[in-house]
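So that the names make sense, note that chain A is the first sequence line, chain B the second, and so on, each numbered from 1. All heavy atoms count here, side chains included; hydrogens, waters and symmetry mates do not.
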There are 2 protein chains.
Amino acid sequence: MTSPAPSTHPRRSDVTRAAILRAARERFATDGYERATIRAIAADAQIDPSMVMRYYGSKEGLFAAAAEFDLRLPDLSSVPPDDLGKVLVRHFLARWEGDETLVALLRAASTNPGAAERMRGIFTDQLTAAVATFGTDPATTARRAGLVASQILGLAFTRYIVRLPPMVDTTPEDLVSWIAPTLQRYLTGTPPD
Amino acid sequence: MTSPAPSTHPRRSDVTRAAILRAARERFATDGYERATIRAIAADAQIDPSMVMRYYGSKEGLFAAAAEFDLRLPDLSSVPPDDLGKVLVRHFLARWEGDETLVALLRAASTNPGAAERMRGIFTDQLTAAVATFGTDPATTARRAGLVASQILGLAFTRYIVRLPPMVDTTPEDLVSWIAPTLQRYLTGTPPD
DNA sequence: ACCGTATGCCAACACCTGTTGACACGCCAT
DNA sequence: ATGGCGTGTCAACAGGTGTTGGCATACGGT
């Protein structure tokens, strides 16, 4: 699914590498970093555990490769300013409803310092950059991005990790209706004092 | 600190039990369930690992005892309806700024199914009950409670677990100012659609 | 003073973990 | 055809894990 690097020749082991990565993402997503064992991942990919080591160096290296993630935020400058909240919630829900990578990262970030730092980077860099594209006071963008992250990650945490019944049962569109105004205010609202 | 059960005689080992629990809460809070080892907890409490087993049966039993938690929500019926959001955010921040038990539970809930279920119970029972005290449509209380939980847990997750810089640096009162309106709308706002 | 029992420590078990090295097979260019 | 190298398997290591049983000791009620 991800475009290969065109510079190097395709390796014969690419299918194996992909199988490992897919199994790793699934295990990390459901079990978290420490409970996901290399042996279990290798078994899912139907290869020997030592192959994982050869191709990814270590468990940390495997996780680093499996948890590569891009929020793929749309260009917010071309969105009607009043629709920002709605667009963002819808985008995030769609983004990780179909990709377990972020769930894996979310679970792992709770216990693994490296995963936490990666999550920090994603939401600091990508989200802050997106928030900065439209013109609110630059002094407040970091805080606005942090608040958006808090509501977005809280949504993900309660829906996909803790699985709070009301958050699991509510349809995506109802969630958008409820939560969009929150993001809208965090993004464009006047700061309280 | 917690009042002892008055029915049974105080045991000679109560101080040891308390030391174990305190060490366990700290380890679970900083390391999560799987990384927190019984040996490390015992070392912190300066006793033998086997004592932990005798007093709490197993690692799961120890966690169950250490992660006992009460949100201690105030009686919301006596709060001015317009102050509900402010009161709640302030309460939650104060509640776990001084008690690492909830951070322990939060970290553990990501990877340990039992911890996740306990967290589900806490926020389903205690929070839903509190939300139900004032008179909105009973059909929407569960959803309102879930939304409140999503923002509150998102705040905790970004501030105490991932440690997103903007969320760590912002003062509690500024957080209250920003987030209170969100909870206010989740609690008393008219349902969208 | 005495004896049962609670408290504590020590050593060990059985298992699982990430990780490593040696060995076999098969593809591919020469 | 024949090398070399990429791919894969097997077995093992060293360390850490939760957990268990046995043994010393000191308390507390009688």
Nucleotide dT7(D), atom C1' - distance to CD of Q46(A) in whole Å | 16 Å
Indicate whether the side chain of S150(B) and that of Q151(A) have a donor and an acceptor atom separated by less than 3.5 Å.
-> yes
Close N or O pairs between protein and nucleotides 18-20 of chain D (under 3.5 Å):
| from | atom 1 | to | atom 2 | distance (Å) |
| --- | --- | --- | --- | --- |
| dG18(D) | OP1 | I38(B) | N | 3.3 |
| dG18(D) | OP1 | K59(B) | NZ | 3.3 |
| dG18(D) | OP2 | I38(B) | N | 3.2 |
| dG18(D) | N7 | R39(B) | NH1 | 2.7 |
| dG18(D) | O6 | R39(B) | NH2 | 3.1 |
| dT19(D) | OP2 | K59(B) | N | 2.8 |

In whole angstrom, what separates R54(B)'s CZ from dG21(D)'s C1'?
-> 10 Å
Please work out whether the ring planes of F92(B) and F123(B) are parallel, tilted or perpendicular, with thresholds of 30° and 60°.
-> parallel
Protein-nucleotide distance (R35(B), atom CZ; dT17(D), atom P), rounded to Å | 11 Å
Residues R143(B), D174(A): salt bridge by 4.0 Å N-O rule = yes
Do I152(B) and Y186(B) pass the side-chain contact (heavy atoms from CB on, under 4.5 Å) test, and can you show the C-alpha distance, the side-chain angles, and the key distance before you say yes or no?
-> CA-CA 12 Å; I152(B) 286 296; Y186(B) 290 162; over 6 Å; no
Pairing of R25(B) and E68(B) as salt bridge, 4.0 angstrom limit = no
Among the candidates dT9(D), dC9(C), dT7(C), find the nucleotide nearest to the side-chain atoms of I47(B).
-> dC9(C)
Which whole-number value in Å describes the distance from D31(A) CG to dC16(C) C1'?
-> 15 Å
CE of M51(B) versus P of dC9(C): gap in Å, rounded?
-> 7 Å
OP1, OP2 of dG8(D) versus side-chain N and O of Y55(A): anything below 4.0 Å?
-> yes
Please work out whether the ring planes of Y33(A) and F28(A) are parallel, tilted or perpendicular, with thresholds of 30° and 60°.
-> parallel
